[in-house]
Amino acid sequence: MVKKKRILVTGAAGKVGKVVVKDLTSHGYDVFAVDRDFKEEPDMPNMTAELTDFGETLDALSSIGEDVYGRAEMKAFDAIVHLASIPHPREYSDAETFSNNMVATYNVFEAAKRLGINNIVWSSSETLLGIPFEQSAIESVPVKEDVKKLGSSTYAITKVLGEELAEQFCLHNPDMKIACLRLSNVMEEEDYKQFPSYNEDPTKRLWNLWSYIDVRDAAQAIRKAIETEFKGMATFIITNDNTVMEKPSEQLVREYYPNVKITGELTENQTLLSNEKAKRILGYEPQYDWRNFVK
Ligand SMILES: NC(=O)c1ccc[n+]([C@@H]2O[C@H](COP(=O)([O-])OP(=O)(O)OC[C@H]3O[C@@H](n4cnc5c(N)ncnc54)[C@H](O)[C@@H]3O)[C@@H](O)[C@H]2O)c1
């Protein structure tokens, strides 16, 4: 019997984690959920672990299912999805955000290396592209993966340095793959109610060039990043195809970023944070357009 692929998801109790776990399970994966704070008892094998503690991280990542499966079912993890993090600037003190996010990410990468788990997907963030854009000097749109990283908050700095960490791990471990997904601002369906108000005042979403990512599309991108075979570290911007606005993207750029160059042709509401690389390499295809959820 071919055993199902086993995937450990950190931050599984969070906004993105909950949907990732559901998406992976419904696509035939055996999921092991890890978080330090499960508000509700998960309906799958899980462990409460503090990932800033290396011992706990190593224990979680080396779990072969001895507690939940029969002997014949035990199996090491095929992949890790690492989402556990303080997800916003200034929710906690900067020093706490830095130490939590950096130490947990180091511990997960290091434990994976020691255990020979070479397939890792990690949630980076759009923030390292220079957000808030009205304060940084973007030269052209759509913004692509190759812009210089700029961490304007401690949170964003943890994403800049997390990507550096990922790169170093992969340089020293040629079999390792770490896909760093630069997620845009994550939206749940009920968030779409407020989208029409952005049209009345486009300055509300100037800071991230009017981008967003539906949480279900983020989960799809994460699954596809697990399934795409490559070695080394790679970054992908993960956005939906369109902006949060009704106004055409070209018009928004001309009005609000008059000195920014438009490269190529922009279709009507095309995202200004390009998801072209994720589509081309991962086969990512966003499905959830906010317009379909607003009456
Ligand atoms: N929400 C967004 O708009 C957004 C945008 C871009 C990137 N991201 C990234 O996506 C990931 C998931 O974000 P989210 O919105 O689901 O956040 P969330 O706060 O809803 O979930 C994060 C989970 O991680 C857990 N966690 C945090 N530190 C931990 C630790 N040291 N040990 C164990 N568990 C820990 C928390 O308990 C929480 O359940 C994060 O890496 C975040 O930086 C989120």
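Counting starts at 1 for both ligands and their atoms, in listed order. Excluded from the calculations below are hydrogen atoms, water molecules and symmetry mates; all remaining heavy atoms, backbone and side chain alike, are included.
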Would you say [X] has more than 12 foreign heavy atoms packed within less than 6.0 Å of its [atom1]?
X	atom1	value
Glu255	CD	yes
Phe54	CZ	yes
Lys5	NZ	no

Relative to each other, are the rings of [X] and [Y] parallel, tilted or perpendicular (30° and 60° limits)?
X	Y	answer
Trp210	Tyr257	perpendicular
Tyr212	Phe195	perpendicular
Phe109	Trp122	perpendicular

[atom]: nearest protein contact (heavy atom, Å):
atom	value
atom 21 (O) of ligand 1	Gly14 CA, 3.2 Å
atom 32 (N) of ligand 1	Leu51 N, 3.0 Å
atom 20 (O) of ligand 1	Lys15 N, 2.9 Å
atom 16 (O) of ligand 1	Val16 N, 2.8 Å
atom 6 (C) of ligand 1	Leu183 O, 3.2 Å
atom 30 (C) of ligand 1	Glu50 OE2, 3.6 Å
atom 28 (N) of ligand 1	Asn100 ND2, 3.2 Å
atom 19 (O) of ligand 1	Pro87 CG, 3.2 Å

Within a strict 4.5 Å, meaning less than it, do heavy atoms of the Asp214 and Pro286 side chains meet?
no

Taking [atom] as the point of reference, which of [options] owns the nearest heavy atom?
atom	options	result
atom 1 (N) of ligand 1	Val186, Thr158, Leu181	Val186
atom 24 (O) of ligand 1	Ala13, Ala84, Ser123	Ala84
atom 34 (N) of ligand 1	Met47, Met187, Lys39, Arg36	Arg36
atom 36 (C) of ligand 1	Val19, Ile86, Asp35	Asp35

Is it true that the NZ or CZ of Lys204 lies under 6.0 Å from the centre of Tyr198's six-membered ring and within 45 degrees of the ring axis?
no

Does the Lys NZ or Arg CZ of Lys277 fall within the cation-pi geometry relative to Phe236 - under 6.0 Å from the ring centre and within 45° of the axis?
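Yes; both conditions hold, so Lys277 lies above the ring face of Phe236.
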
Out of curiosity, is Lys159 lining ligand 1, as in a heavy atom under 4.0 Å away?
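So Lys159 counts as touching ligand 1.
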
Determine, using heavy atoms of Ala218 and all atoms of ligand 1, whether some pair is separated by less than 4.0 Å.
no

How does [X] reach ligand 1, by side chain, by backbone, by both or by neither, if only non-hydrogen atoms under 4.0 Å count?
X	answer
Thr127	neither
Glu126	neither
Ser184	backbone

Could you list the atoms of ligand 1 found under 4.0 angstrom from a heavy atom of [X]?
X	answer
Asn185	3 (O)
Ser124	7 (C)
Ala49	32 (N), 33 (C)
Leu83	11 (C), 12 (C), 40 (C), 41 (O)

From CE (Met44) to CG (Leu24), nearest 0.5 Å:
9.5 Å

NZ-CE distance between Lys177 and Met233, expressed to the nearest 0.5 angstrom
13.5 Å

Under 3.5 Å between any N/O of Tyr155 and any N/O of ligand 1: does that happen in this structure?
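In this structure, Tyr155 places an N or O atom under 3.5 Å from an N or O of ligand 1.
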
Expected output: side-chain Asn119 to main-chain Ile226 donor-acceptor under 3.5 Å
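Answer holds: yes.
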
Taking Thr10 for its side chain and Leu83 for its backbone only, find out whether a donor-acceptor pair lies under 3.5 Å.
yes

